[in-house]
2 protein chains.
Amino acid sequence: MHYLCTMKIENVIKQSSFSSSYHKVVVNLIFTGNWIRDEQMKVFKQFDLLPQHYNVLRIIKGHMPHPIAPKDIKEVLIDKAGDLTRLLDKLEKKGLVKRNLCPSNRRQMDISMTDKGLKILEQLQGPLQIFTDMIQNNLSKDQAENLSDLLDQLRG
Amino acid sequence: MHYLCTMKIENVIKQSSFSSSYHKVVVNLIFTGNWIRDEQMKVFKQFDLLPQHYNVLRIIKGHMPHPIAPKDIKEVLIDKAGDLTRLLDKLEKKGLVKRNLCPSNRRQMDISMTDKGLKILEQLQGPLQIFTDMIQNNLSKDQAENLSDLLDQLRG
DNA sequence: ATAATTTATTTGTTGCAACAAATATTGTTG
DNA sequence: CAACAATATTTGTTGCAACAAATAAATTAT
């Protein structure tokens, strides 16, 4: 079964006919969320990165040319980063970011991009674009807007 | 910021105006998927279970009164279970399932529910229903159908 | 100025997840 | 039936995630 993602959710989840449209939406959302996550993973994995690593790199880049402190990264980060320290450890070890003691506040660290980090972000642009393109092929602009609105409404 | 989930995605993700409706959908799907996952986690956590544990328990129950082998659980499981063994270890240690050697094929295990396992599934029904109800409050039946269709279409 | 409080980051610990390799049983073929 | 391949599960290893606790520096109050 290689093409699960292209099937209606009723056919993916074999046995059960859903008790309600609401139940179906829940299962479908979880399924689709996992699918997107897995698709993204494939891209990131080629660079030995995780989605969170990418998010953090984007945030650091977004602050350039100024360095940024971990506490400020945390504020912006979608998925809350419990141990940003060890995540930054890994990025530093891979040479993608630099850590310096902040001169004006010695309990704070200054995180900044390296050239290598910038280069990896560039290299990722293409593969990630392909992913958005794929969705663009399957939904019209109105449908995409509609979907986004329904998701907003569903949450609350 | 306690009410992220009730905000339009543009406001959740502070800085960026999205480059396209498609990009917005991607971010919104990931955000909504994580949100659902987190909400479910809260319920499961009260019983010291993970979502996967619940899925597996449901599958085993769905096969009653017959026992089921791990390989057959894997076939039905949505999220692929790399190490079902250790997941079943945990369920067994908590007394929710039993493991027996399959008499007709000694490299296979027979997994079956215990009374305690059945009881936990019953106890979970209420809390999980509340969750579906919440979505029902926010979307009409047509909207739920529409959302499910859009998700199916998006995947391909 | 000193003590208490808050802030920023790090460290420790535990459990889970992903991947490959190992073991044991069954099925197949010459 | 002996050798080889396939199947079903387990084990080993490594890295990440979640949570609490610890450290260290700055801020505030006494």
Side-chain angles (χ1 to χ4, degrees), chain A residues 33-34 37-57 59-60 63 67-94 96-112, chain B residues 33-34 37-42 44-57 59-60 63 67-94 97-112:
Chain A
N34 289 342
R37 183 200 58 196
D38 292 346
E39 289 297 312
Q40 283 204 328
M41 285 270 211
K42 288 180 199 163
V43 174
F44 291 129
K45 204 156 199 179
Q46 296 168 353
F47 297 85
D48 187 34
L49 291 177
L50 292 173
Q52 278 87 341
H53 297 155
Y54 175 72
N55 290 334
V56 169
L57 285 175
I59 291 167
I60 298 170
H63 231 248
I68 183 171
K71 68 154 183 128
D72 295 317
I73 297 177
K74 274 186 191 168
E75 268 190 14
V76 186
L77 208 53
I78 308 171
D79 258 323
K80 57 254 163 200
D83 42 56
L84 200 43
T85 299
R86 275 173 281 223
L87 195 159
L88 291 171
D89 282 348
K90 188 174 178 195
L91 294 182
E92 193 181 23
K93 208 157 107 184
K94 285 173 69 69
L96 307 181
V97 307
K98 268 180 308 201
R99 251 199 271 234
N100 289 105
L101 246 180
C102 172
S104 65
N105 185 340
R106 282 182 313 172
R107 74 195 144 164
Q108 209 168 287
M109 296 302 280
D110 276 348
I111 313 292
S112 47
Chain B
N34 289 343
R37 184 199 57 196
D38 292 346
E39 289 297 314
Q40 283 204 328
M41 285 270 211
K42 287 180 200 164
F44 291 128
K45 203 156 200 178
Q46 296 168 351
F47 297 85
D48 187 33
L49 291 177
L50 293 174
Q52 279 87 340
H53 296 155
Y54 175 73
N55 291 333
V56 169
L57 286 174
I59 291 167
I60 299 170
H63 231 248
I68 183 172
K71 68 155 182 125
D72 295 318
I73 297 177
K74 274 186 192 168
E75 269 189 15
V76 185
L77 207 55
I78 308 171
D79 258 324
K80 58 253 162 200
D83 44 57
L84 199 45
T85 299
R86 275 173 280 221
L87 195 159
L88 291 170
D89 282 348
K90 187 172 178 196
L91 294 182
E92 193 182 23
K93 208 157 106 186
K94 285 174 69 70
V97 306
K98 268 180 308 200
R99 252 198 272 234
N100 289 105
L101 246 181
C102 171
S104 64
N105 185 341
R106 280 182 312 172
R107 73 198 143 162
Q108 208 168 288
M109 295 304 279
D110 276 347
I111 313 292
S112 47

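Because only heavy atoms are used, hydrogens play no part in the values below, and waters and symmetry mates are left out as well, while side chains stay in. Chain A is the first sequence line, chain B the second, and so forth, proteins listed ahead of strands; every chain is numbered from 1.
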Practice item. Find out whether B:L84 and B:V56 are in side-chain contact, i.e. whether some heavy atom of one side chain is under 4.5 Å from a heavy atom of the other. Key: yes

**Study point:** Nucleic acid contacts of residues 85-93 of chain B, taken as heavy-atom distances under 4.0 Å to DNA chain C
**Key:** B:R86, B:K90

Check your understanding: Quick check: does any side chain N or O of B:H63 sit under 3.5 Å from a backbone N or O of B:I60, one acting as donor and the other as acceptor?
Key -> no

Check your understanding: Does A:L49 reach the side chain of A:L57, with side-chain heavy atoms less than 4.5 Å apart?
Key -> yes

Study note, to complete from the structure: In the 5' to 3' direction, the nucleotides of DNA chain D bounding the stretch that comes under 4.0 Å of a heavy atom in chain A are D:dC16 to D:dA26

Point to revise | Heavy-atom pair with the smallest gap, counting every atom of A:L101 and A:R106 | key: CD2-O, 3.2 Å

Check your understanding: Contact class for B:L50 vs. all strands (heavy atom < 4.0 Å): base, sugar-phosphate, or nothing?
Key -> sugar-phosphate

Check your understanding: Does any non-hydrogen side-chain atom of A:H53 lie less than 4.5 Å from one of A:L50?
Key -> yes

Check your understanding: So, do A:R99 and A:I111 sit near enough that their side-chain heavy atoms are less than 4.5 Å apart?
Key -> yes

Exercise for review: To the nearest 0.5 angstrom, please state how far the CG atom of B:L88 sits from the CE atom of B:M109.
Suggested key: 9.5 Å

Review point. Rounded to the nearest Å, what distance is computed from the CD atom of residue B:Q108 to the P atom of nucleotide C:dT26?
Key: 10 Å

Revision key, fill the gap. The residue, A:K71 or A:M41, whose nearest nucleotide of DNA chain C is more 5′ is A:K71

Study note, to complete from the structure: Nearest-nucleotide check on DNA chain D, B:A69 vs A:N105; residue mapping nearer the 5' end is B:A69

Point to revise | For A:D83, all residues meeting side chain to side chain contact (heavy atoms under 4.5 Å, CB included), sequence neighbours excluded | key: A:R86

